[in-house]
Every structure is written in C-alpha cells, then in structure tokens.
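Reading through the structure tokens given below for one structure.
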Amino acid sequence: MIDVVNMRFMGGGAGHGPSEEPIARQMEQMVKRQERGLIKHIGISNVTLAQTRVAREMADIVCVQNLYNLANRGDDEMIDELAKAGIAYVPFFPLGGFSPLQSDELAAVAQDVDASALQVALAWLLRRSPNILLIPGTSSVDHLRENVEAATLKLDADAMAALDKIGK
Ligand SMILES: NC(=O)c1ccc[n+]([C@@H]2O[C@H](COP(=O)([O-])OP(=O)(O)OC[C@H]3O[C@@H](n4cnc5c(N)ncnc54)[C@H](OP(=O)(O)O)[C@@H]3O)[C@@H](O)[C@H]2O)c1
C-alpha cells in the first residue's frame, strides 16, 4: 500500500495552472484504489478551491499540492479553509521554481535577519499557516542545509508585514 498518492490534475489554465475541469471521474478512480487497499491516503494537486471542495465531498483528502510562494498568493483562501479542516497544504515551487524568487523587499528583510533571501521565503511559508508542509527542491547539499536551517528562522511582525506586501 502506498501511504499517499496525489492525483495531479492537468489543468489547462494559465502556465499549466488549474482550470475548472470536472474531477469526479478521476476522483472515483482514486477512491476505488483506496477501497482496494492500494492507496492509504489521497491527495490532490493543481486544483482550484471549487475542485478541492468537490474532492473533499468524495473522499478524505489529506493534502493539496499547488503553486504557492511569497509572490504567488492565489491560494490564500484555500490555505485558510484547509487549515481549519486539518488538511496539509504543500506549496510547489515554494522558492519560485525555475526562476527562484528575488525582490528588493525580500533582500531587505533577509539582510535584517541575517539570512539568505530564499531562507526568508521558506520561513515566511512556515509562518504563513500551520498546515503548510515544505518540499523545496535542490541539487545542492549546501542549499539543502540552508533550507533546513530556515525552519529555525524567526520573523517578527514587521518582517511578516513587509513580506506580505510582495504578493499583494
Ligand atoms: N504537483 C506539481 O504539479 C508540481 C509542479 C512543480 C514542482 N513540484 C514539486 O515541488 C517541489 C519543489 O519544486 P521545485 O524544486 O521545482 O521548485 P523550488 O523548490 O521552488 O525551487 C528549486 C530551485 O531553487 C533553487 N534553490 C533551492 N534551494 C536554494 C537555496 N538555498 N539557495 C539558492 N537556490 C536554491 C534550486 O537550485 P539548486 O539545485 O541549485 O539548489 C532550484 O533551481 C519538487 O518536489 C517538485 O517535484 C510539483
């Protein structure tokens, strides 16, 4: 049995993002596999808030994996709704993906807290909501260490307010 399988919807929205395509048929297949004991928990990926609600009516969803980071805040409402339901939100491209995040505001906060800009971007995500789980990608052991250290970085209210402005 596989612990968690994310059903990744193909979308078709901007930049391959989610679109309001029907998801019931694929969800039925996931539920069937769960009932057969092949999948322990079901997650979904690349979904809109409306699709998330449909999926939750059909199955217990344990996690949602969508594009979200300091500069891409389209899922703010979804994150809050999932947090209330105890469902994990796993942002993909947490550092911006192929073009890692950079901005003057981010650099200024990073200088203030004596950390790298990308460490601050990860620390902001962890502070953003308790249901956020991080999967930053890296091919570098040094970056991996930096990214793990970001979990201990403290951001005060002023730093959070300055960072919040980046994506709004
Ligand atoms: N469900 C989906 O549709 C979907 C879509 C995209 C991605 N994902 C998943 O989401 C996860 C993260 O995505 P991702 O890796 O593409 O994007 P990401 O984590 O936002 O960014 C990775 C990029 O940031 C760089 N980086 C990482 N740590 C760094 C550091 N400390 N300092 C400087 N640069 C740093 C990496 O380069 P280096 O290698 O040089 O560190 C790489 O170029 C992956 O597990 C991926 O499989 C899922």
Side-chain angles (χ1 to χ4, degrees), residues 2-23 25-27 29-30 33 39-56 59 61-76 78-79 81-82 87-129 131-155 159 163-164 166-167:
I2 303 175
D3 281 341
V4 184
V5 175
N6 281 343
M7 177 74 209
R8 204 281 191 190
F9 292 92
M10 293 319 291
H16 305 289
S19 66
E20 297 291 359
E21 61 185 317
I23 64 164
R25 198 171 53 83
Q26 292 97 319
M27 281 302 301
Q29 293 300 321
M30 294 294 280
R33 279 154 182 74
I39 296 173
K40 191 164 178 191
H41 297 295
I42 298 174
I44 50 178
S45 177
N46 206 35
V47 281
T48 64
L49 181 55
Q51 288 167 330
T52 303
R53 290 172 179 157
V54 170
R56 289 181 58 202
I61 300 297
V62 297
C63 56
V64 176
Q65 188 177 117
N66 264 6
L67 171 64
Y68 184 83
N69 56 46
L70 252 181
N72 293 276
R73 305 279 300 276
D75 276 352
D76 275 329
M78 184 192 297
I79 289 169
E81 189 168 306
L82 295 178
I87 297 172
Y89 182 91
V90 185
F92 73 69
F93 289 168
L95 296 172
F98 301 115
S99 328
L101 297 166
Q102 31 178 317
S103 84
D104 292 343
E105 293 87 348
L106 179 56
V109 172
Q111 195 173 13
D112 283 351
V113 299
D114 195 20
S116 76
L118 294 185
Q119 283 179 313
V120 171
L122 293 176
W124 176 84
L125 282 167
L126 290 175
R127 261 288 305 261
R128 166 66 185 79
S129 184
N131 63 328
I132 290 192
L133 303 183
L134 289 185
I135 50 164
T138 182
S139 54
S140 145
V141 173
D142 287 343
H143 288 170
L144 177 64
R145 288 201 181 97
E146 273 182 39
N147 296 346
V148 171
E149 279 169 19
T152 59
L153 196 60
K154 302 266 185 294
L155 296 175
L163 295 168
D164 274 341
I166 293 174

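Counting starts at 1 for both ligands and their atoms, in listed order. Hydrogens, waters and symmetry mates are skipped; everything else that's a heavy atom, side chains included, is used. Residue numbers run from 1 in the order of the sequence given.
For atom 36 (C) of ligand 1, the closest non-hydrogen atom of the protein is G137 O, 3.6 Å. Scanning the protein heavy atoms around atom 16 (O) of ligand 1, the nearest turns out to be F93 CE2, 3.2 Å. Among all non-hydrogen protein atoms, the one lying nearest atom 48 (C) of ligand 1 is Q65 OE1, 3.1 Å. Nearest protein neighbour of atom 37 (O) of ligand 1, counting heavy atoms only, is H143 ND1, 4.4 Å. From the protein, the heavy atom lying nearest to atom 3 (O) of ligand 1 is R8 NE, 2.8 Å.
Side-chain contact annotation: N131 with S129, donor-acceptor N/O pair under 3.5 Å present. Residues N69 and W124 have side chains that never bring a donor and an acceptor to within less than 3.5 angstrom of each other.
When side chains are defined from C-beta on, Q29 does not count as touching M27, because their heavy atoms never get closer than 4.5 Å. A heavy-atom distance below 4.5 Å is found between the side chains of D75 and Y89. When side chains are defined from C-beta on, L118 does not count as touching E146, because their heavy atoms never get closer than 4.5 Å. In this structure, D76 and R128 have side chains that are in contact, with non-hydrogen atoms separated by less than 4.5 Å.
Residue-to-ligand polar distances keep P136 apart from ligand 1: every N/O pair is separated by 3.5 Å or more. At a 3.5 angstrom cut-off on N or O pairs, S140 does not count as close to ligand 1. The distance criterion of under 3.5 Å between nitrogen or oxygen atoms is not met by L118 with respect to ligand 1.
Residue Q119 does not touch ligand 1, judged by heavy-atom distances below 4.0 Å. In N147, the part holding a heavy atom less than 4.0 Å from any atom of ligand 1 is the side chain. Here P100 has side-chain heavy atoms under 4.0 Å from ligand 1, and that is the only part of it that gets that close. Contact annotation: for E146 versus ligand 1, heavy atoms closer than 4.0 Å belong to the side chain alone. Both the backbone and the side chain of T138 come within contact range of ligand 1, each with a heavy atom under 4.0 Å. Using a 4.0 Å cut-off between heavy atoms, S45 contacts ligand 1 through its side chain alone, with no backbone atom that close.
Paired with Q65 under the rule side-chain contact (heavy atoms from CB on, under 4.5 Å), one option of I135, V47, L133, N46 passes, and it is I135.
To the nearest 0.5 Å, the span separating CD1 on I42 from CD1 on I2 amounts to 12.0 Å. Of the inter-residue distances, the one linking T48 atom OG1 with E20 atom CD reads 3.5 Å to the nearest 0.5 angstrom.
Shown here, atom 46 (C) of ligand 1 is out of close reach of the protein: none of its heavy atoms lies under 4.0 Å off.
Heavy-atom proximity to P94, at under 4.0 Å, picks out these atoms of ligand 1: 12 (C), 18 (P), 19 (O), 20 (O). Each of the atoms 38 (P), 39 (O), 40 (O), 41 (O) of ligand 1 lies under 4.0 Å from some heavy atom of S139. Near G96, with a cut-off below 4.0 Å to any heavy atom, the atoms of ligand 1 are 20 (O).
No more than 12 heavy atoms of other residues, nucleotides or ligands shown are found within 6.0 angstrom of CD on Q111. Residue-environment remark: CD (Q102) stays at or below the threshold of 12 foreign heavy atoms within 6.0 Å.
Nearest-heavy-atom check against atom 4 (C) of ligand 1 across F98, F92, F9 picks out F92. Between atom 12 (C) of ligand 1 and the options I135, L101, N66, N69, the minimum heavy-atom separation is to I135. Of all the listed residues (P18, S99, G97), G97 holds the heavy atom that lies closest to atom 23 (C) of ligand 1.
Residue M30 comes nearest to N6 through the heavy atom pair CE-C, 4.5 Å, listed as atom of the first residue, atom of the second, then distance.
For N46, the heavy-atom gap to ligand 1 stays at 4.0 angstrom or more.
In this structure, S116 contributes its side chain and Q119 its backbone to a donor-acceptor pair below 3.5 Å.
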